[in-house]
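Report on the following structure.
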Amino acid sequence: MKRFVNIILATVMMVAGATMLPQAVHAEDEKAEYNLQISPTAVTVTLMGGDVLEGTASKCPKDVDGGCVMEVKNIGTKGLRYRVYASPYVVKGENYDLDFSEEASTSYTQISRWITILGEDGGYAKEAEFAIEPGETQTIHYRIDVPEDVPGGAQYAVIWAQTIGTTTTSTGVQAIAQAGMVVSGRTIGDTQQTSDVYEYGFDRFALSGPLKAQATIKNTGNTDFDAYYTYKARTIFGKEIYTDQGTIATFPDTEYHINVNWENPPLLGIFQVEFRVSGADTVKTETHIVVVMPIFVIVLLILLLTVAIVWIIIIIRKRKERKARTLV
């Protein structure tokens, strides 16, 4: 889960930076005219059918003062207007490509449709607009109306703060700044953490390095979880000489490929190698003897074996000849 949160934080910061359209050129130590900062960047809520999450409700984020709120700060040099709204948060593939469009929405992003924002008029709506001065920080309240038939598993959305109608004074090019907070929902009840591991295997004989191992793990459940892999090589006496291990944050209905490369194994050796892949309810592990033997060693062994066989044949023939002479 820690790795999952780190990925969320990293992707949100990346998105916040990537969504800054061209602005006027400034000196490096000069602040942008229009810029927003949001806090926190990621929260987790608990979802139960029929619940309404707002304010300090028990299922709102427990580590945020005020519960279902976020803070927006104008870190630019000019006052501006901005809008707050929610969109799907879709993570595609093992490269964690992000998509925030309604077209990409899945059964795991329905929460974006349940989120409303408290406006200045005192009512909740799908979108609300606010005005903010430079250096000012505002607290934005949001509400999540969970339907009675909420699907089991995880839900993901982003609540955005996005500038409205700002233009640079030097070029007249419109600049849109936005920052987002990822909302991860966990449904009480029908949550399934299941996985499948296949295309599993690793080298057991090689003429030289690298030695490779591979596997594919698929999240077949309805919520995210961390998968783990470990590749360990030991001598035949049990001394560990190489380890490669890692953690993969997995999302529902997504495959992740694990590739291990032991780049520089010993030139010649016999090892015990264990390759373990685990995720949710599935563990796949095997231990085998792995041999690294370069071609010149193989040729040398063949020559030695040939010499040994010839020598044995010669000895056997000599013994037969001696026996024959004795009989005569």
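With contacts defined as side-chain heavy-atom distances shorter than 4.5 Å, the pair T191/R186 does not qualify. With a 4.5 Å cut-off on side-chain heavy atoms, S112 and S87 do not count as touching. Using a 4.5 Å heavy-atom threshold, the side chains of V150 and M48 count as separate. With contacts defined as side-chain heavy-atom distances shorter than 4.5 Å, the pair V183/V158 does not qualify. Annotation: side chain of L36 is in contact with side chain of T163 (closest heavy-atom distance under 4.5 Å). Using a 4.5 Å heavy-atom cutoff, the side chains of I115 and R143 are not in contact. Side-chain atoms of I270 and V290, non-hydrogen and from C-beta on, never get closer than 4.5 Å to each other. Residues T287 and V273 form no side-chain contact, since every pair of their non-hydrogen atoms from C-beta on lies 4.5 Å or further apart.
V299 and L305 are assigned to two separate hydrophobic clusters, defined by single-linkage of ILVMFWY side chains at heavy-atom distances under 4.5 Å. Cluster membership for I132 and L118, using ILVMFWY side-chain heavy atoms within less than 4.5 angstrom, is not shared. If you chain together hydrophobic residues whose side chains sit under 4.5 Å apart, Y198 and F275 never meet in one group. The cluster map of Ile, Leu, Val, Met, Phe, Trp and Tyr, joined by side-chain heavy atoms under 4.5 Å apart, puts I302 and M293 in the same cluster. Linking ILVMFWY residues whenever their side-chain heavy atoms come closer than 4.5 Å, directly or via other members, places M181 and V64 in the same cluster.
Checked against a 6.0 Å centroid threshold, the rings of W114 and Y142 do not count as neighbours.
Listed for the N74 side chain is a donor-acceptor partner under 3.5 Å among the backbone atoms of G76. The backbone N or O of S278 sits nowhere less than 3.5 Å from a side-chain atom of T282 that would complete a donor-acceptor pair. In this structure a side-chain-to-backbone donor-acceptor pair under 3.5 Å is present from T254 to P252. A donor-acceptor distance shorter than 3.5 angstrom exists from the side chain of N222 to the backbone of D190, with no hydrogens or angles considered. A donor-acceptor pair under 3.5 Å is formed between the side chain of Q155 and the backbone N or O of I111. T109 places no side-chain N or O within donor-acceptor distance of the main-chain N or O of A157, the cut-off being under 3.5 Å. Between the side chain of N95 and the main chain of D97, no donor-acceptor pair closer than 3.5 Å is present. In this structure, the side chain of T187 engages the main chain of P151 through a donor-acceptor pair within 3.5 Å.
The residues E129 and R81 are annotated as salt-bridged, a charged nitrogen and a carboxylate oxygen being separated by less than 4.0 angstrom.
Distance check: W262 CH2 to D244 CG gives 11.5 Å after rounding to the nearest 0.5 Å. Separation of atoms CD1 (I75) and OG1 (T137) is listed at 10.0 Å; rounding is to 0.5 Å. To the nearest 0.5 Å, the span separating CZ on F296 from CG on L303 amounts to 13.0 Å. Summarising the geometry, atom OG1 belonging to T194 is positioned 6.5 Å from atom CG belonging to N219; distances are rounded to the nearest 0.5 Å. How far CG of D196 is from OG1 of T216: 9.5 Å, rounded to the nearest 0.5 Å. Between W311 atom CH2 and I316 atom CD1 the span is 10.0 Å, to the nearest 0.5 Å.
Contact between I38 and G180 at its shortest, heavy atoms only, is CG2-O, 3.7 Å. When all heavy atoms of L267 and P294 are compared, the pair lying nearest together is O-CD, 3.2 Å. In this structure, V43 and P61 approach most closely via the heavy-atom pair CB-CG, 3.7 Å. A pairwise comparison of heavy atoms in A227 and I217 identifies CB-CD1, 3.7 Å as the closest pair. Shortest non-hydrogen contact noted between Y108 and G221 is OH-O, 3.5 Å. In terms of heavy atoms, L80 sits closest to N35 at CD2-N, 4.2 Å.
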For residues 204-214, which side-chain N or O atoms pair as donor and acceptor with protein atoms under 3.5 Å away, sequence neighbours left out?
{"unit_1": "R204", "atom_1": "NH2", "unit_2": "H288", "atom_2": "NE2", "d": "3.2"}
{"unit_1": "Q214", "atom_1": "NE2", "unit_2": "G201", "atom_2": "O", "d": "3.0"}

Next on the checklist: If you apply the rule ring pair (Phe, Tyr, Trp, His ring centres under 6.0 Å), what do you find for F130 with Y82, and how did you get there?
Outcome noted: CA-CA 5 Å; F130 305 91; Y82 67 96; 5.5 Å; yes
Checklist entry - Taking it one step at a time, do I140 and I117 satisfy side-chain contact (heavy atoms from CB on, under 4.5 Å)? => result CA-CA 8 Å; I140 306 299; I117 310 301; 3.7 Å; yes
Next on the checklist: V292 vs F271, test: side-chain contact (heavy atoms from CB on, under 4.5 Å). Steps then yes/no.
Outcome noted: CA-CA 8 Å; V292 178; F271 318 104; 3.7 Å; yes
Item to check | side-chain hydrogen bond (donor to acceptor under 3.5 Å, both in side chains) evaluation trace for Y242 with E263 | outcome: CA-CA 10 Å; Y242 181 79; E263 293 289 349; over 6 Å; no
Next on the checklist: With side-chain hydrogen bond (donor to acceptor under 3.5 Å, both in side chains) as the criterion, how do Y124 and E54 come out once you've worked through the C-alpha distance, each side chain's angles and the decisive distance to 0.1 Å?
Outcome noted: CA-CA 11 Å; Y124 282 91; E54 63 178 311; 3.2 Å; yes
Next on the checklist: Set out, in order, the CA-CA distance, both residues' side-chain angles and the distance that settles side-chain contact (heavy atoms from CB on, under 4.5 Å) for H257 and E94, then state yes or no.
Outcome noted: CA-CA 7 Å; H257 298 285; E94 59 187 329; 2.8 Å; yes
Checklist entry - V260 and F202: side-chain contact (heavy atoms from CB on, under 4.5 Å), yes or no, with the steps? => result CA-CA 9 Å; V260 177; F202 57 95; over 6 Å; no
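V84 pairs with exactly one of H141, Q138, M70, Q162 by the side-chain contact (heavy atoms from CB on, under 4.5 Å) rule, that one being M70.
Checked by atom type, the side-chain pair Q110/S107 shows no donor-acceptor distance below 3.5 Å. Side-chain atoms of S195 and T220 form no donor-acceptor pair, as typed in the model, at a separation below 3.5 Å. Side-chain contact annotation: Y156 with D224, donor-acceptor N/O pair under 3.5 Å present. For the residue pair Q272 and E274, no side-chain donor N or O sits within less than 3.5 Å of a side-chain acceptor on the partner. No side-chain donor from either of E286 and Y200 sits under 3.5 Å from a side-chain acceptor of the other.
Residue K126 qualifies as enclosed at atom NZ: its count of foreign heavy atoms under 6.0 Å is above 12.
In this view, T235 and F237, K239, I241 satisfy the side chain to side chain contact (heavy atoms under 4.5 Å, CB included) rule, not counting sequence neighbours.
Using bins of under 30°, 30° to 60° and over 60° for the plane-to-plane angle, the ring pair F100/W160 lands in the perpendicular bin. F251 and Y96 have perpendicular rings, their planes meeting at more than 60° on a 0 to 90° scale where under 30° would count as parallel.
Under the salt bridge (Lys or Arg N to Asp or Glu O under 4.0 Å) criterion, the residue pairs touching residues 57-70 are D51-K59, with sequence neighbours excluded.
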